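Here's the structure, in structure tokens; my notes come after.
Keep in mind that the numbers below use all heavy atoms, side chains included, and drop hydrogens, waters and symmetry copies. Every value quoted in this text rests on a predicted model; they were computed, and no experiment measured them.
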Amino acid sequence: MKKYTIQTDPFIVPTTDGKRIEEHHGRIATKNPAISIAHMVAPPHWSEPFQTPEFEEYTYIISGKKQFIIEDEILILEAGQSIRIAENTRIQYSNPFDEPCEYLSVCRPAFDFMKVHREE
């Protein structure tokens, strides 16, 4: 049995907001509940509702900029920067800028829509 897995066919998460999500490893792509790794592209002027996930999330910005509202603090990360956000932290992700934002996201345990707790 091989001790590695090369991912060449990530799961493309269906979205309705123009954001591209390719899950390379995680609950859906590789049936791994411990961690998820996704490549994402957020279009200009994209945003999600506030959420309070039960998992920690790491984000690395490849290109563009991404805005984070963490509790009541606004942060903007640019290409080459990364951030770790602890589980059970209220956050909103957005790209209010005029260019796409490409980034990697790692969640531990793996992203689970039932544990993200998005606000209406």
Side-chain angles (χ1 to χ4, degrees):
M1 182 171 154
K2 288 185 181 179
K3 295 190 177 192
Y4 62 88
T5 303
I6 297 174
Q7 176 59 281
T8 59
D9 187 26
F11 177 74
I12 307 302
V13 178
T15 65
T16 58
D17 60 3
K19 183 178 174 185
R20 174 130 177 122
I21 305 171
E22 301 171 352
E23 184 183 85
H24 282 260
H25 296 274
R27 300 179 73 80
I28 298 172
T30 56
K31 310 293 186 255
N32 183 348
I35 192 168
S36 60
I37 300 171
H39 174 247
M40 303 192 195
V41 179
H45 308 286
W46 162 88
S47 69
E48 288 182 338
F50 276 92
Q51 56 195 357
T52 307
E54 293 180 36
F55 45 82
E56 65 181 349
E57 185 164 358
Y58 298 80
T59 301
Y60 173 77
I61 308 298
I62 297 169
S63 65
K65 296 185 281 190
K66 185 175 178 186
Q67 179 173 286
F68 301 75
I69 301 177
I70 303 170
E71 307 290 340
D72 293 322
E73 185 177 358
I74 297 174
L75 300 172
I76 297 171
L77 267 66
E78 299 180 359
Q81 296 181 316
S82 64
I83 190 170
R84 175 196 171 268
I85 300 163
E87 62 275 0
N88 301 311
T89 299
R90 185 173 185 262
I91 183 163
Q92 183 196 39
Y93 300 106
S94 67
N95 177 12
F97 309 105
D98 292 332
E99 63 181 304
C101 178
E102 181 180 11
Y103 59 100
L104 297 175
S105 175
V106 176
C107 298
R108 279 188 355 159
F111 180 90
D112 182 338
F113 193 76
M114 300 303 293
K115 295 182 178 179
V116 74
H117 305 295
R118 288 194 175 138
E119 298 176 11
E120 300 276 331

Linking I/L/V/M/F/W/Y whenever their side-chain heavy atoms sit closer than 4.5 Å, directly or via other members, would [X] and [Y] fall into one cluster?
X      : Y      : answer
Trp46  : Leu77  : yes
Ile28  : Ile12  : no
Phe55  : Ile70  : no
Tyr103 : Leu75  : yes
Val116 : Val106 : no

Hey, what do you get for [atom1] ([X]) to [atom2] ([Y]), rounding to the nearest 0.5 Å?
X      : Y     : atom1 : atom2 : answer
Ile85  : Ile83 : CD1   : CD1   : 4.5 Å
Leu104 : Ile37 : CG    : CD1   : 8.5 Å
His45  : Phe97 : NE2   : CZ    : 10.0 Å

Closest heavy-atom contact between [X] and [Y]?
X     : Y     : value
Ser47 : Ser94 : CB-CB, 3.5 Å
Ser63 : Ala79 : CA-CB, 4.0 Å
Asn88 : Thr52 : C-CG2, 3.6 Å

Measuring only between side-chain heavy atoms, which start at C-beta, is [X] closer than 4.5 Å to [Y]?
X      : Y     : answer
His24  : Phe11 : no
Cys101 : Ile61 : yes
His25  : Gln7  : yes

Q: Carefully, step by step, assess Ile91 and Gln51 under the rule side-chain contact (heavy atoms from CB on, under 4.5 Å).
A: CA-CA 5 Å; Ile91 183 163; Gln51 56 195 357; 3.9 Å; yes
Q: Answer yes or no: does atom CZ of Arg108 have more than 12 heavy-atom neighbours from other residues, nucleotides or ligands under 6.0 Å?
A: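 No - once you tally the heavy atoms of other residues, nucleotides and ligands closer than 6.0 Å, there are 12 at most.
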**Q.** Expected output: side-chain Ser36 to main-chain Phe111 donor-acceptor under 3.5 Å
**A.**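 Such a contact is found between Ser36 side chain and Phe111 backbone.
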Q: Quick one: list whatever passes side chain to side chain contact (heavy atoms under 4.5 Å, CB included) with Pro100, sequence neighbours left out.
A: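 With sequence neighbours excluded, Pro100 shows a side chain to side chain contact (heavy atoms under 4.5 Å, CB included) to Val41, Pro44, given in chain and number order.
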(Q) Which residues pass the side chain to side chain contact (heavy atoms under 4.5 Å, CB included) test with Asn32, not counting sequence neighbours? (A)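 Once residues adjacent in sequence are excluded, the partners of Asn32 under the side chain to side chain contact (heavy atoms under 4.5 Å, CB included) criterion are Thr30, Ala34, Ile35.
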Q: For residues 65-89, pull every pair meeting salt bridge (Lys or Arg N to Asp or Glu O under 4.0 Å), keeping only residues two or more places apart or in separate chains.
A: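 Salt bridge (Lys or Arg N to Asp or Glu O under 4.0 Å) check on residues 65-89 returns Glu56-Arg84.
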Q) Could you give all pairs that pass the salt bridge (Lys or Arg N to Asp or Glu O under 4.0 Å) test and reach residues 12-37, with sequence neighbours left out? A)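 Only Lys19-Glu48, Arg20-Glu22, Arg27-Asp112 qualify under salt bridge (Lys or Arg N to Asp or Glu O under 4.0 Å).
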(Q) Glu57: which residues meet the side chain to side chain donor-acceptor pair (under 3.5 Å) condition with it, sequence neighbours left out? (A)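 If we apply the side chain to side chain donor-acceptor pair (under 3.5 Å) test to Glu57, skipping adjacent residues, the hits are Tyr93, Ser105.
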Q) Could you walk me through whether His39 and Ile62 pass the side-chain contact (heavy atoms from CB on, under 4.5 Å) check? A) CA-CA 10 Å; His39 174 247; Ile62 297 169; 4.1 Å; yes
Q | side-chain hydrogen bond (donor to acceptor under 3.5 Å, both in side chains) evaluation trace for His117 with Glu54 | A | CA-CA 8 Å; His117 305 295; Glu54 293 180 36; 2.5 Å; yes
**Q.** Any pair counted as ring pair (Phe, Tyr, Trp, His ring centres under 6.0 Å), so long as it reaches residues 72-92, sequence neighbours left out
**A.**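 Output for this query is empty, none listed.
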Q. Does the side-chain contact (heavy atoms from CB on, under 4.5 Å) test come out yes or no for Phe68 and Ile76, once each step is laid out?
A. CA-CA 6 Å; Phe68 301 75; Ile76 297 171; over 6 Å; no
